[in-house]
Amino acid sequence: EGSCVRGIKTSSTEIGYLEQFVNKWAIENNIKPIIKQEKFDKNLKVAIVGAGPAGLTAALYGRRANKSVLVLDAKGYGGQIINTNKIENYPGLPNVSGFDYATSLYNQVKEFGAVIKAETVIRVEKDKTVVTNKNSYQGKAIILATGAENRKLGVERETEFVGKGVSYCATCDGNFYKNKIAAVVG
């Protein structure tokens, strides 16, 4: 519990929301936000930006090397692959959904002791500080595993049919369309 203007009592959750609102406003108005520096671990070795397969794999190897690891991703975990209906081309995992694959990888990384936080990274500073919408963290090393974003056409119902006929990776999904009529854009 904390107190606010005129002695009104507020919960730490309410203060957190207020802090987020003020920081968002500051960023939108080109003012340096006031973000608390969380000392996640004074011996933080590796901060990883991105929790898709590359970021989670880096976290797994970091933990196997007995390094303290923090993974940050705005959406939580999984990256683009979490939306993939069916993965057929990953060795040892035939016919797995992207969601199941990402969740399995996430669970494995958590079991090894990595910390994964759903926070939006705003910037990475030269002193190896990662500033997010909630905190800032300083590590000995920063790994950027931010992935890619598909370039959408913007046609009607495109989003609805992603993974059900609309694909963004010919190498990954081309085999699903073998001997079928298909259109390729780009």
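Quick caveat: nothing in here was measured; it's all calculated off a predicted structure.
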Separation between [atom1] of [X] and [atom2] of [Y], rounded to the nearest 0.5 Å:
{"X": "Asn95", "Y": "Glu88", "atom1": "CG", "atom2": "CD", "value": "5.0 Å"}
{"X": "Leu105", "Y": "Lys110", "atom1": "CG", "atom2": "NZ", "value": "13.0 Å"}
{"X": "Phe99", "Y": "Asn83", "atom1": "CZ", "atom2": "CG", "value": "10.5 Å"}
{"X": "Tyr106", "Y": "Leu56", "atom1": "OH", "atom2": "CG", "value": "9.0 Å"}
{"X": "Leu60", "Y": "Glu111", "atom1": "CG", "atom2": "CD", "value": "10.5 Å"}
{"X": "Glu125", "Y": "Ile142", "atom1": "CD", "atom2": "CD1", "value": "10.0 Å"}

How close do [X] and [Y] get, heavy atom to heavy atom, and via which atoms?
{"X": "Arg63", "Y": "Gly113", "result": "NE-C, 3.6 Å"}
{"X": "Gly52", "Y": "Asp73", "result": "N-OD2, 4.3 Å"}
{"X": "Ala74", "Y": "Ala118", "result": "O-CB, 4.2 Å"}
{"X": "Ile87", "Y": "Gly98", "result": "CD1-CA, 3.7 Å"}
{"X": "Gly76", "Y": "Ile116", "result": "O-CG2, 3.8 Å"}
{"X": "Ala47", "Y": "Val130", "result": "CB-CG2, 4.2 Å"}

[Y] backbone acceptor or donor facing [X] side chain under 3.5 Å:
{"X": "Thr57", "Y": "Pro53", "value": "yes"}
{"X": "Gln108", "Y": "Ser104", "value": "no"}
{"X": "Arg157", "Y": "Phe161", "value": "no"}
{"X": "Arg123", "Y": "Val131", "value": "no"}
{"X": "Glu158", "Y": "Leu153", "value": "yes"}
{"X": "Lys128", "Y": "Lys140", "value": "yes"}
{"X": "Ser97", "Y": "Asp100", "value": "yes"}
{"X": "Gln138", "Y": "Asp127", "value": "yes"}
{"X": "Asn133", "Y": "Thr120", "value": "yes"}

SB check Arg151 Glu149 (cutoff 4.0 Å):
no
Same hydrophobic cluster for Val109 and Tyr61, using side-chain heavy-atom links shorter than 4.5 Å among ILVMFWY?
no
Please determine whether residues Val155 and Val185 belong to a single hydrophobic cluster, defined as Ile, Leu, Val, Met, Phe, Trp and Tyr linked transitively by side-chain heavy-atom distances below 4.5 Å.
yes
Min side-chain heavy-atom separation [X]-[Y] under 4.5 Å:
{"X": "Val115", "Y": "Val69", "result": "no"}
{"X": "Tyr77", "Y": "Thr103", "result": "yes"}
{"X": "Tyr137", "Y": "Thr132", "result": "yes"}
{"X": "Leu70", "Y": "Ile48", "result": "no"}
{"X": "Asp173", "Y": "Phe176", "result": "yes"}

Is it the case that Ser167 and Tyr177 place a side-chain donor and acceptor less than 3.5 Å from each other?
no
Does NZ or CZ of Lys152 lie under 6.0 Å from the centre of the six-membered ring of Tyr168, at an angle within 45° of the ring axis?
yes
Flag if over 12 foreign heavy atoms under 6.0 Å of CD, Glu156
no
Which class fits the ring pair Tyr90 and Tyr101: parallel under 30°, tilted 30 to 60°, perpendicular over 60°?
tilted
